[in-house]
Protein chains: 2
Amino acid sequence: MKTPKRTTIYDIAKKLNLNASSVSRALNNSGNVSEVTKKLILKTAKELNYKQNSLASNLRKGHNQTIGVIVPRVNQNFFANVIAGLEEVTYQKGYNLIICQSNESHAREVKCVNTLINQHVSCIIISVSADFEDDTHLRNIQENGIQLIQFDRVDDNLETFKVLNDNKQASEDAVTHLIAQGYQRIALLEGPQNLNIFKERKEGYLSALRKHNYPILPELMKENAWTKELSAAATKKLLNMAHPPDAIFASTSDFSALGVLEVATNMGIKVPAELGICGYSNEAFTEITSPSITTVDQYSVSMGKTIANLYFQEIKSDNKDAIPKIVSIKPKLIIRSSTLRNKDEQRI
Amino acid sequence: MKTPKRTTIYDIAKKLNLNASSVSRALNNSGNVSEVTKKLILKTAKELNYKQNSLASNLRKGHNQTIGVIVPRVNQNFFANVIAGLEEVTYQKGYNLIICQSNESHAREVKCVNTLINQHVSCIIISVSADFEDDTHLRNIQENGIQLIQFDRVDDNLETFKVLNDNKQASEDAVTHLIAQGYQRIALLEGPQNLNIFKERKEGYLSALRKHNYPILPELMKENAWTKELSAAATKKLLNMAHPPDAIFASTSDFSALGVLEVATNMGIKVPAELGICGYSNEAFTEITSPSITTVDQYSVSMGKTIANLYFQEIKSDNKDAIPKIVSIKPKLIIRSSTLRNKDEQRI
DNA sequence: TTGTACGCGTTATCAC
DNA sequence: GTGATAACGCGTACAA
């Protein structure tokens, strides 16, 4: 595809017997141009259907009004919402968003980082892939003078701006709620512990148990149960134990919680009377399962907005190197039928 | 933020007492460079942490390895999936994706188009906003020598590449299925008729009725019922009629179907025995409602891939102006409990 | 095989 | 207020 010739500021200048620099000034409202010529320039620019070439402009100006985003998957609810929030704010500021997905692969994440560096984006916003290995690519971002904001899944060891959910607190709240509902043996479905978010959720679980003098039972903690299928399998094992749990906290996602619910239903176990179930993420479907599922809302859209605002307000505006700041958003426990056994009749 | 100086091909050239053009050739594998110097160049490029400046490269080459995408909302399941599919293919080809959302606003859509034109993207992939007014902005894309692919919601009058779902056929299948299940008075929840997709779905509905010699009853067709709330309201009116429908085809979305289901449940109407419900889009939750909801799967991820492949295989490669082609993807009716009243016991 | 010279479209810095 | 010129970083025809 050969791109046909577009009209440039030279074309406009030539037509008006002016100089290109005057045209540039007029179009950018910069420097001095007389009102008359300015109007003339704007008029003929419209006539010739002039469109600025951002490539040239950005090259000359040495920066790019573009922000890169890297997420594991763009069609995962949480990330899609964060991106929606990001786009909302960046659009207002006249910035563009380049979106990449790592597909949970570290190797691909590294490639994404490199293309974004090549693109001279002014900031990279990232949530790392599940098989996070090392952070040389992230350091590379900083070495190239590009701002870096990590969110949700982050590398704790690297000092950058971070926007996080308070996973530990949210998990503690969830488990505390289960305890308050009288559940005695509360199981945990964990995600990969190399990811901060799953580690923190486990900590919250442990912390709640300790605070209420509940025993910590390793046989009730299942590793890597972070898909619907994996958690269904783990649930079967749990519920077939001699002393099965009477509640399961699917800390990885609502899909895991759904797996738990399906297994329980198939086994004829009553939820929430015989088994309490709590998920994580507040996916749309948790509201309409029967029973509806208690879960944690992460305010994903507003998280995206927070991230973007952090960039525009604290990072970009700051001419000195700003001190990497950590913003923590407190998620909200949404209590629904799947854990409300005191008011079992009340189906929400 | 001042971007610190990055290493350029000049820096590499200077260090090796070479010329920048040799460095360029070596890095791009273009032209002739001796193996020795090439290795030397690649080595020092790595040492100096050289990163290409895509801005400069693209400016020089006159084209941009970037594709722009405009959708109403990035966090709507269907669009998120299409984007995921798009990204999958474009990533393989070394292309970047710039994502914009129109927020269902025509004015904003126009602005998005303009920034993408400024960015010199090589292609714009768009699904138009609900308040589609006119197509001057789309024509503008073409006038600027940028390829244009419309998908799903398109402007029929404009001759461009299009990737569509066969909405009419899918709707006809759905309604035919309802008829086969013995439903007699089948209502339709419509979306805004200025959008092709909703118009086509209505046509499919009408066509199925005609083919089976069913009467077409205007009182059973509700306009603009395209959110959960709107369709719940429409459903209430329908079910309170003297002769209420015994089936409702929520042609706008599964969320509408969910609204129908909730209203029916609250009114004590049995689904599917007394009321059949069919949605559209195959949202994840349709599988787990009780009863599960019959719906139409649009193959959204693979639609994204199809669009991208269309660009790379047919449009980009073609040096002559390719003739705008319309690709139609046949959606698939997914039959679930909400319309299966012959085998009512079988809860899927 | 390597070097020279120029231009992509824009903006910044001069001078007038 | 306007014009001339250089430079952003790169790729490419051409010459050596």
Side-chain angles (χ1 to χ4, degrees), chain A residues 2-42 45 48-66 117-122 144-145, chain B residues 1-42 45 48-66 115 117-122 144-145:
Chain A
K2 258 268 273 313
T3 316
K5 178 98 173 71
R6 291 208 203 166
T7 72
T8 72
I9 53 174
Y10 276 94
D11 299 328
I12 299 175
K14 192 174 285 175
K15 180 153 187 186
L16 296 177
N17 274 327
L18 280 171
N19 191 284
S21 52
S22 295
V23 177
S24 174
R25 283 190 285 255
L27 293 173
N28 293 302
N29 260 328
S30 68
N32 293 325
V33 195
S34 77
E35 273 307 311
V36 209
T37 50
K38 187 172 162 186
K39 281 199 174 156
L40 201 59
I41 288 170
L42 292 178
L48 299 178
N49 193 20
Y50 168 78
K51 303 279 173 184
Q52 192 199 50
N53 186 333
S54 305
L55 257 47
S57 172
N58 289 332
L59 173 62
R60 179 62 237 254
K61 288 192 290 195
H63 68 254
N64 197 342
Q65 306 250 90
T66 299
I117 293 178
N118 290 353
Q119 286 288 337
H120 254 245
V121 296
S122 51
N144 279 279
Chain B
M1 239 295 294
K2 258 272 270 315
T3 315
K5 177 98 172 73
R6 292 208 204 165
T7 71
T8 71
I9 53 174
Y10 278 93
D11 299 327
I12 299 175
K14 192 173 287 176
K15 181 156 189 185
L16 297 177
N17 274 326
L18 279 171
N19 191 283
S21 57
S22 296
V23 177
S24 173
R25 281 189 286 254
L27 293 172
N28 294 302
N29 261 329
S30 68
N32 294 325
V33 196
S34 77
E35 272 307 310
V36 210
T37 50
K38 187 173 163 183
K39 280 197 176 159
L40 201 59
I41 288 170
L42 292 179
L48 299 178
N49 194 19
Y50 168 78
K51 302 280 174 185
Q52 192 200 51
N53 185 331
S54 304
L55 257 48
S57 171
N58 289 331
L59 174 61
R60 175 63 237 258
K61 289 192 290 194
H63 68 255
N64 196 342
Q65 307 249 89
T66 300
T115 38
I117 292 177
N118 289 354
Q119 286 289 339
H120 255 248
V121 295
S122 51
N144 278 278

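Labels below follow one simple rule: chain letters A, B, ... track the order of the sequence lines, proteins then strands, and each chain is numbered from 1.
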Name all residues meeting the side chain to side chain contact (heavy atoms under 4.5 Å, CB included) criterion together with [X]; count only those two or more places apart in sequence or in a different chain, and write none if there are none.
X: A/K14; answer: none
X: B/L16; answer: B/I12, B/L18, B/L40, B/I41, B/T44
X: A/T8; answer: A/K5, A/Y10, A/D11

How would you label the contact of [X] with the nucleic acid (heavy atoms, under 4.0 Å): base, sugar-phosphate, or nothing?
X: A/N32; answer: base
X: A/T37; answer: sugar-phosphate
X: B/L55; answer: nothing
X: B/S24; answer: base
X: A/D11; answer: nothing
X: A/N58; answer: nothing
X: A/S21; answer: base

Q | Over 12 non-hydrogen atoms of neighbours within 6.0 angstrom of NZ in A/K15 | A |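 It does not: A/K15 NZ has 12 such atoms or fewer within range.
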
With sequence neighbours left out, write down each residue that passes side-chain hydrogen bond (donor to acceptor under 3.5 Å, both in side chains) with [X], or none if nothing qualifies.
X: A/S54; result: none
X: A/N64; result: A/N58, A/T66
X: B/Q52; result: none
X: B/S34; result: B/T37

Q | Residue pair A/L55 / B/L59: nearest heavy atoms and the distance that separates them | A |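 The pair with the smallest heavy-atom distance is CD2-N, 3.9 Å.
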
(Q) Minimum heavy-atom separation for A/K38 and A/V33, please, with both atom names. (A)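 The answer is N-CG1, 4.1 Å.
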
Q: Could you pick out which residue, B/R25 or B/R60, lies toward the 5' side of DNA chain C when each is mapped onto its nearest nucleotide?
A: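 Of the two residues, B/R25 wins.
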
Q. Which residue lies toward the 5' end of DNA chain C, B/L18 or B/L59, if each is placed at its nearest nucleotide?
A.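 Between the two, 5'-proximity favours B/L18.
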
**Q.** Start and end of the DNA chain D segment that chain A contacts, any atom under 4.0 Å from a heavy atom
**A.**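 Taking any atom under 4.0 Å from a heavy atom of chain A, the span is D/dG1 to D/dG9.
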
Q: Starting from the first five and the last five pairs of the helix from C/dT1-D/dA16 to C/dC16-D/dG1, work out the angle between the resulting helix axes, to 10 degrees.
A: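 Roughly 40° between the end axes, to the nearest 10°.
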
Could you tabulate the donor-acceptor pairs under 3.5 Å formed by side-chain atoms of residues 20-28 of chain A, not counting sequence neighbours?
unit_1, atom_1, unit_2, atom_2, d
A/S21, OG, A/N19, OD1, 2.9
A/S22, OG, A/R25, NH2, 3.4
A/S24, OG, A/N28, ND2, 3.4
A/N28, ND2, A/S24, O, 2.9

Q | Start and end of chain A contact along DNA chain C [non-hydrogen atoms, under 4.0 Å] | A |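 Nucleotide range with atoms under 4.0 Å of chain A: C/dG9 to C/dT13.
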
